[in-house]
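Okay, so here's the structure we're looking at.
Below, all heavy atoms of this structure are taken into account, side chains as well, without hydrogens, waters or symmetry copies.
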Amino acid sequence: MRRVEELPAYSVAIRTLGVAGEAFQRELQSLTVQTLSPERVIVYVAEDFEGDLRKGSVCGEEYVYVQKGMVAQRALRYDEIETDYVLLLDDDVELAPDSAEKMLNAMIEKEADCVGADTYRHQEGTVWQKLYTLATNLDYPHCDRKWAFKIHRNGSFSYLWRTPHEEKVLPTQYVAGPCAMWRKDAIQRLRWEDEIWMDREAFAYMDDTVESYKLHVNGGKMFLHYDTGVKNLNAKTASSVYRSKSTRFYVRAKMGFCVWWRTIYEVEKSCSTAFPAVVAYTAKTLWSIFMSVFAVFFFLDISVPFHHIRGLVAGWRFVHSEEYRRVGRYILN
């Protein structure tokens, strides 16, 4: 492990809607005590935010107003940043003092394009939490130590069943959006601007899957770090509004289908192996429809199956629309 003075410089890029409040302040404060200080801290604010985040600056952060959207606020060229490494953050995470140092060390050691933090800790969930994710999205733990996360043909993911005790940095096919260290040139060559179609809905469901898996399928090197000390504070975001409405079942079904089509179907089609992926997703869809009927009794809302099926149909129509045909290729090479 390299000493701090041997590590290259990095910058921090934070996307925010401006509503995270205390969580955002805690995040900025955690950046001031890093054992390896960032060269610059730039906050990319949604352009329609009417407040003034500049009051009470914590770490000399700079503010740049950009197009609103979970993807749009990350699909940038980052021309303001001159360092080769960029720590991408949401506005509701708190870093341990050595978080950036550990992630940058892993970047150098693994010659990585991206190192993500284990912010959601799926493997540490309760039995009931794991059963819930299995029932609702067919996500499950695996024992394959070659991968921290694997993305499967039906669009679900699996995760290492427990936190590794020895090797803390493992290859992965997915990293969560709240905290990840990236090579700036990797971000630029992935053309995240092609994924702004996800911002059509009120909440860009699974945007981190589309962004990070794009690195994996295009030959990049991506890892998950299990020991960064990063905490997800779960501040108020657009997702809180999304989760409070019954139409969330429509958004979830539509975006789930579109993301599967974008990340799995198009990749498998390019390899002439699309049929198994279609079979896998069809089985998952039948299961999800069954679960939407069961959800009527759980949520006491008879409209759940209607919203779910309507979302699947809307997703099919969108990926066959003229708007989607204008979206750039997911496989870039």
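Q25 places no side-chain N or O within 3.5 Å of a backbone atom of A23 that could act as its donor or acceptor partner. Under a 3.5 Å cut-off, the side chain of D208 and the backbone N or O of G177 do form a donor-acceptor pair. Between the K214 side chain and the R191 main chain, a donor and an acceptor come within less than 3.5 Å of each other. With hydrogens and angles ignored, the 3.5 Å screen pairs no side-chain donor or acceptor of K130 with any backbone N or O of T126. In this structure a side-chain-to-backbone donor-acceptor pair under 3.5 Å is missing from E61 to I42. Using a distance-only test at 3.5 Å, with no hydrogens or angles considered, a donor-acceptor pair links the side chain of N218 to the main chain of L332. A distance-only check finds a donor-acceptor pair linking the side chain of Q34 to the backbone of A96 [under 3.5 Å]. Listed for the S30 side chain is a donor-acceptor partner under 3.5 Å among the backbone atoms of E27. No donor-acceptor distance shorter than 3.5 angstrom exists from the side chain of Q173 to the backbone of W147, with no hydrogens or angles considered.
For the residue pair T133 and D139, no side-chain donor N or O sits within less than 3.5 Å of a side-chain acceptor on the partner. H308 and S292 are not linked by any side-chain donor-acceptor pair at a separation below 3.5 angstrom, with hydrogens and angles left out of the test. Between H152 and Y140, the side chains place a donor N or O and an acceptor N or O closer than 3.5 Å (distance only, hydrogens not considered). Residues T83 and S11 bring a donor and an acceptor atom of their side chains to less than 3.5 Å of each other. When only modelled atom types and interatomic distance are considered, T32 and Q29 share a side-chain donor-acceptor pair under 3.5 Å.
Linking Ile, Leu, Val, Met, Phe, Trp and Tyr whenever their side-chain heavy atoms come within less than 4.5 Å puts M255 and Y250 in one cluster. By the rule that hydrophobic residues join a cluster once side-chain heavy atoms approach within less than 4.5 Å of another member, Y213 and M206 end up as members of one cluster. Hydrophobic clustering (side-chain heavy atoms under 4.5 Å, transitive across Ile, Leu, Val, Met, Phe, Trp, Tyr) keeps V279 apart from L286. Taken together through direct or relayed side-chain contacts under 4.5 Å among Ile, Leu, Val, Met, Phe, Trp and Tyr, M107 and Y78 form parts of separate hydrophobic clusters. V210 and Y265 end up in the same hydrophobic cluster when Ile, Leu, Val, Met, Phe, Trp and Tyr side chains are linked at under 4.5 Å.
Ring geometry for F149 versus Y159: interplanar angle of 30 to 60°, hence tilted. Using cut-offs of 30° and 60° for the angle between ring planes, the Y281 and W260 rings count as parallel.
Ion pair D90/R74 flagged as a salt bridge, since at least one NZ, NE, NH1 or NH2 atom sits closer than 4.0 Å to an Asp/Glu carboxylate oxygen. Salt-bridge annotation for D48 and K68: present, with a side-chain N of the basic residue lying under 4.0 Å from a carboxylate O of the acidic one. In summary, E323 and R200 engage in a salt bridge, as defined by a charged side-chain N under 4.0 Å from a carboxylate O. By the 4.0 Å N-to-carboxylate-O rule, E266 lies too far from K269 to be salt-bridged with it. Taking a cutoff of 4.0 Å between a charged side-chain nitrogen and a carboxylate oxygen, E80 and R40 do not qualify as a salt bridge. A salt bridge does not link E124 to R162: none of the charged side-chain nitrogens sits closer than 4.0 Å to a carboxylate oxygen. Look at D207 and R15 and you find a salt bridge, because one of the NZ, NE, NH1 or NH2 atoms lies within 4.0 Å of a carboxylate O, short of that distance. For D113 and K184, the salt-bridge test fails: no basic side-chain N is under 4.0 Å from an acidic carboxylate O.
Cation-pi contact between R262 and Y330: absent, since separation from the ring centre below 6.0 Å together with deviation from the ring axis within 45° is not met. By the 6.0 Å and 45° rule, R183 stacks over the aromatic ring of Y85.
Ring centroid separation for the pair H122 and W161 does not come in under the 6.0 Å cut-off.
No more than 12 heavy-atom neighbours from other residues, nucleotides or ligands sit within 6.0 angstrom of CD on E22. Within 6.0 Å of the CZ atom in R189, the count of heavy atoms belonging to other residues, nucleotides or ligands exceeds 12. Within a 6.0 Å radius of CG in L131, other residues, nucleotides and ligands contribute more than 12 heavy atoms. Remark: E6 CD is packed, more than 12 non-hydrogen atoms of other residues, nucleotides or ligands lying under 6.0 Å away. Counting heavy atoms of neighbouring residues, nucleotides and ligands inside a 6.0 Å radius, atom CZ of F294 does not exceed 12 of them.
Q67 contributes atom CD, which lies 7.0 Å from atom CG of D199 (distance to the nearest 0.5 angstrom). Remark: L138 CG to M291 CE distance equals 9.0 Å, nearest 0.5 Å. Taken from OG1 in T119 to NZ in K231, the straight-line distance is 14.0 Å, to the nearest 0.5 Å.
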>> Walk me through whether L312 and T285 qualify under side chain to side chain contact (heavy atoms under 4.5 Å, CB included).
In response: CA-CA 9 Å; L312 291 170; T285 299; 3.7 Å; yes
